[in-house]
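This one's a predicted model, so the numbers in the text were calculated from it and none came from an experiment.
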Amino acid sequence: MYRIIKIGMDVHSKNYTLCAMEPTIGAEDRIFGEVQVAPDYKEVICFIESLKMKLGFCDDYSIECGYEAGCLGYTLYHQLTGAGVKCVILAPTTMLTQQGKRIKTDKRDARLIAQCLCYGGYHPVYIPTGEDDAVKEYLRMRDDHKLALKKLKQQINAFVLRHGQQYSGTKWTIKHVTWLKKLELDPMYRETLDEYLASCEEQEAKIERYDKRIEEIASEARYQENAKKLGCFLGIRTHTALSLIVETGDFKRFAKGNTYAAFLGLAPGEHSSSDNVNRLGISKAGNTHLRCLLIEAAKGICKGAIGHKSKELRARQSGQPAEVIAYADKANTRLRSRYYKMIRHGKKKNVAVAAVARELACFIWGMMTGNISIRPKGDTSGPAVSQG
């Protein structure tokens with residue numbers, strides 16, 4: 001007799017809760033065992049071995065484990081697959097959830113994961129290669145330092161304001177930094193501000209070093225071509241291009257551009273019933289890091305004259321095939337035109353920027369999958385995929 005066993009795992013840094021379940025048609029699911037073990041993949045393997053003994057070695061069966069994406073990253077997945085155990089990572093935003101749930105325990109969560117595995121109520125997380133994952137961690141480390149620098153600058157501004165000083169011009173320009181260094185303060189206050197400024201300069205030097213390293217990584221053979229193609233778009237420089245490449249992985253796993261936008265959490269939501277239509281904001285589900293990068297890229301697009309190409313953009317496009325440049329130019333013109341049109345019709349700035357970011361994601365999908373000659377029905381200014 002062939003049997004299918006699914007093991008849901010609710011994993012934490014201190015323990016794993018396991019639930020082995022066999023799906024049955026027209027009857028209640030059969031649970032073979034629920035147990036809490038130490039946070040070690042070997043304990044999971046021991047649980048599977050004891051389960052095999054319970055099932056009987058004469059039976060033909062398939063065993064699959066799964067856990068929700070979280071703090072463990074891909075570590076447990078690689079450990080189990082390396083030991084010959086089939087494993088998947090479930091995307092939290094795609095999992096079926098219990099309606100009206102008022103009690104949450106590790107045991108119930110493990111059972112819910114097992115049910116998702118049994119009946120396909122989830123989408124698996126894409127597993128990047130080891131090289132891509134290492135680059136992703138480096139890029140995110142750089143972004144963490146960028147956030148730390150932003151917080152440090154806010155602390156300096158607050159410190160100066162608390163002591164009766166306020167700069168009237170644009171902050172964090174050369175003039176502003178010179179003004180900070182020449183402020184006349186009491187000796188202890190002056191020493192405190194100097195320490196703040198020294199930390200700020202040190203952080204800026206680190207980020208500059210990280211950016212140089214990112215340029216080196218992007219120039220490697222496996223990333224260079226795609227990074228340069230993405231650099232043809234307004235608002236996308238090396239850091240954003242490389243992040244899109246390593247965190248998305250295979251763009252062709254998305255059937256359409258709007259599917260890719262949904263993966264980034266840029267797809268609009270809807271809560272309609274009967275004749276009542278209620279449109280919602282973007283879902284904010286999926287890859288938060290890439291979504292933030294594309295929002296920042298969209299802000300860069302939403303500035304300047306329509307059709308204008310800066311010297312920097314021309315330099316990034318230099319050496320690229322004519323069809324790639326033409327596709328990027330049409331995308332840049334279309335996105336900037338759409339932003340100004342939405343603003344003229346009374347759309348809020350943030351709403352317009354999010355809409356531009358969503359369409360930019362569709363253009364990126366088109367560039368990375370080679371669909372750069374497709375046009376929407378009745379429109380020749382952009383790819384069909386951008387209309388979603």
I need the Y223 OH to I214 CD1 distance, nearest 0.5 Å. 12.5 Å
Would you check, one step at a time, whether the test side-chain contact (heavy atoms from CB on, under 4.5 Å) holds for Q36 with D106? CA-CA 9 Å; Q36 189 173 89; D106 292 349; 4.1 Å; yes
Ionic contact status for K146 with E296, cut-off 4.0 Å: no
Considering only heavy atoms from C-beta outward, does the side chain of V356 approach that of V353 to under 4.5 Å? no
Gap between atom CG of N350 and atom CD1 of I282 - 0.5 Å precision: 10.0 Å
Looking only at non-hydrogen atoms, find the nearest pair between C19 and I31 and report the distance. SG-CG2, 4.2 Å
Just by modelled atom types, is the A328 backbone N or O under 3.5 Å from a matching donor or acceptor in the N332 side chain? yes
Non-hydrogen atoms of A357 and L266 that approach each other most closely: O-CD1, 3.6 Å
Please say whether the positively charged group of K153, taken as NZ for Lys or CZ for Arg, lies over the ring of W172, i.e. under 6.0 angstrom from the six-membered ring centre and within 45 degrees of the axis. yes
Is the number of heavy atoms from other residues, nucleotides or ligands under 6.0 Å of H123 NE2 greater than 12? no
Count I, L, V, M, F, W, Y as connected when their side-chain heavy atoms are under 4.5 Å apart, and connections chain through other members. Are F363 and I306 then in the same cluster? yes
Which is it for I236 and R316 under the side-chain contact (heavy atoms from CB on, under 4.5 Å) test, yes or no, and what are the steps along the way? CA-CA 10 Å; I236 298 183; R316 296 206 305 266; 5.7 Å; no
Taking NZ, NE, NH1 and NH2 as the nitrogens, is one of them in E208 or R142 under 4.0 Å from a carboxylate oxygen of the other? no
Check: L234 and R336 side chains under 4.5 Å, non-hydrogen atoms: yes
Under a 4.5 Å cut-off applied to non-hydrogen side-chain atoms, are T178 and K182 in contact? yes
Can you check whether F251 reaches I364 side chain to side chain, under 4.5 Å on heavy atoms? yes
Closest non-hydrogen contact found for A355 with M342 is CB-CE, 3.8 Å
Can you name the closest pair of heavy atoms from L294 and A361 and give their distance? CD1-CB, 3.8 Å
Can you confirm whether F47 sits close enough to V37 that some side-chain heavy atom of one is under 4.5 Å from a side-chain heavy atom of the other? no
When you look at K229 and E323, which way does the salt bridge (Lys or Arg N to Asp or Glu O under 4.0 Å) test go after all the steps? CA-CA 11 Å; K229 283 183 179 180; E323 61 271 18; over 6 Å; no
May I ask you to say whether K309 pairs ionically with D329, meaning some side-chain N is under 4.0 Å from a carboxylate O? yes
Do K341 and R338 pass the side-chain contact (heavy atoms from CB on, under 4.5 Å) test, and can you show the C-alpha distance, the side-chain angles, and the key distance before you say yes or no? CA-CA 5 Å; K341 183 178 179 181; R338 188 179 181 197; 5.6 Å; no
Would you kindly say whether K228 and Q317 are connected by a side-chain donor-acceptor distance under 3.5 Å? no
Could you measure the distance from the NZ atom of K6 to the OG atom of S62? Nearest 0.5 Å is fine. 5.5 Å
Should we say atom CG of L147 is surrounded by more than 12 heavy atoms from elsewhere, each under 6.0 Å from it? yes
Passes side chain to side chain donor-acceptor pair (under 3.5 Å), Q224 versus S219? Steps please. CA-CA 5 Å; Q224 187 176 33; S219 63; 5.9 Å; no
Over 60° means perpendicular and under 30° means parallel, so classify the ring planes of H176 and Y167, tilted if in between. tilted
Just wondering, do V246 and L139 contact through their side chains at under 4.5 Å, heavy atoms? yes
When you check the gap from the basic side-chain N to the acidic O, do E184 and R190 get nearer than 4.0 Å? no
Do T240 side-chain atoms and R237 backbone N/O form a donor-acceptor pair below 3.5 Å? no
Are V135 and Y126 connected, step by step, through hydrophobic side chains (Ile, Leu, Val, Met, Phe, Trp, Tyr) whose heavy atoms are closer than 4.5 Å? no
Worked verdict on V88 versus Y67 for side-chain contact (heavy atoms from CB on, under 4.5 Å): CA-CA 7 Å; V88 295; Y67 64 96; over 6 Å; no
To the nearest 0.5 Å, what is the distance between CE on M95 and CG on L90? 5.5 Å
So, K42 and E49, do they make that salt bridge, N to O below 4.0 Å? no
Expected output: side-chain T369 to main-chain K252 donor-acceptor under 3.5 Å: no
Quick one: do E216 and K212 make a salt bridge, cutoff under 4.0 Å? no
Apply the test side chain to side chain donor-acceptor pair (under 3.5 Å) to residues T248 and Y260: give CA-CA distance (whole Å), side-chain angles for both, the deciding distance (0.1 Å), then the verdict. CA-CA 9 Å; T248 303; Y260 179 57; 2.9 Å; yes
Quick check against the 3.5 Å criterion: does D40 have a side-chain atom that pairs as donor or acceptor with the backbone of E43? no
To the nearest 0.5 Å, tell me how far C302 SG sits from K349 NZ. 8.0 Å
Evaluate the ring planes of F233 and Y327, with Trp represented by its six-membered ring, and classify them as parallel (under 30°), tilted (30 to 60°) or perpendicular (over 60°). perpendicular
Check whether any side-chain heavy atom of C200 lies under 4.5 Å from a side-chain heavy atom of I156, and answer yes or no. yes
Give a yes or no on whether a salt bridge exists between D132 and K136, defined as a side-chain N under 4.0 angstrom from a carboxylate O. no
Other residues, nucleotides and ligands only: do more than 12 of their heavy atoms fall within 6.0 Å of CD on Q166? no
Would you confirm whether S243, through its side chain, and H239, through its main-chain N or O, come within 3.5 Å as a donor-acceptor pair? yes
Are L117 and V11 connected in the hydrophobic side-chain network, where two residues link if heavy atoms are under 4.5 Å apart? no
Would you confirm whether R291, through its side chain, and L264, through its main-chain N or O, come within 3.5 Å as a donor-acceptor pair? yes
Return yes when atom OH of Y189 has more than 12 non-hydrogen atoms of other residues, nucleotides or ligands closer than 6.0 Å, and no otherwise. no
With a cut-off of 6.0 Å (strictly less than), are more than 12 heavy atoms of other residues, nucleotides or ligands near CD of E225? no
Following the transitive rule for hydrophobic clusters with a side-chain heavy-atom cut-off under 4.5 Å over Ile, Leu, Val, Met, Phe, Trp and Tyr, establish whether I4 and I113 coincide in one cluster. no
What distance do C292 atom SG and D143 atom CG have between them, rounded to the nearest 0.5 Å? 9.5 Å
Quick check: do Y339 and I301 have side-chain heavy atoms less than 4.5 Å from each other? no
I need the minimum non-hydrogen distance between F32 and K54, along with the two atoms involved. O-NZ, 2.6 Å
Using the salt bridge (Lys or Arg N to Asp or Glu O under 4.0 Å) rule, take E247 and R140 through it: C-alpha gap first, then chi angles, then the decisive distance, then the call. CA-CA 11 Å; E247 296 207 32; R140 292 198 176 191; 2.7 Å; yes
Whether T333 side chain and K330 backbone form a donor-acceptor pair below 3.5 Å: no
Please determine whether residues L185 and L161 belong to a single hydrophobic cluster, defined as Ile, Leu, Val, Met, Phe, Trp and Tyr linked transitively by side-chain heavy-atom distances below 4.5 Å. no
Tightest non-hydrogen contact, residues C71 and S13, listed as SG-N, 4.5 Å
Near N15 CG, under 6.0 Å, is it more than 12 heavy atoms from other residues, nucleotides or ligands? yes
Kindly say whether the aromatic ring centers of H163 and F159 come within a distance under 6.0 Å. yes
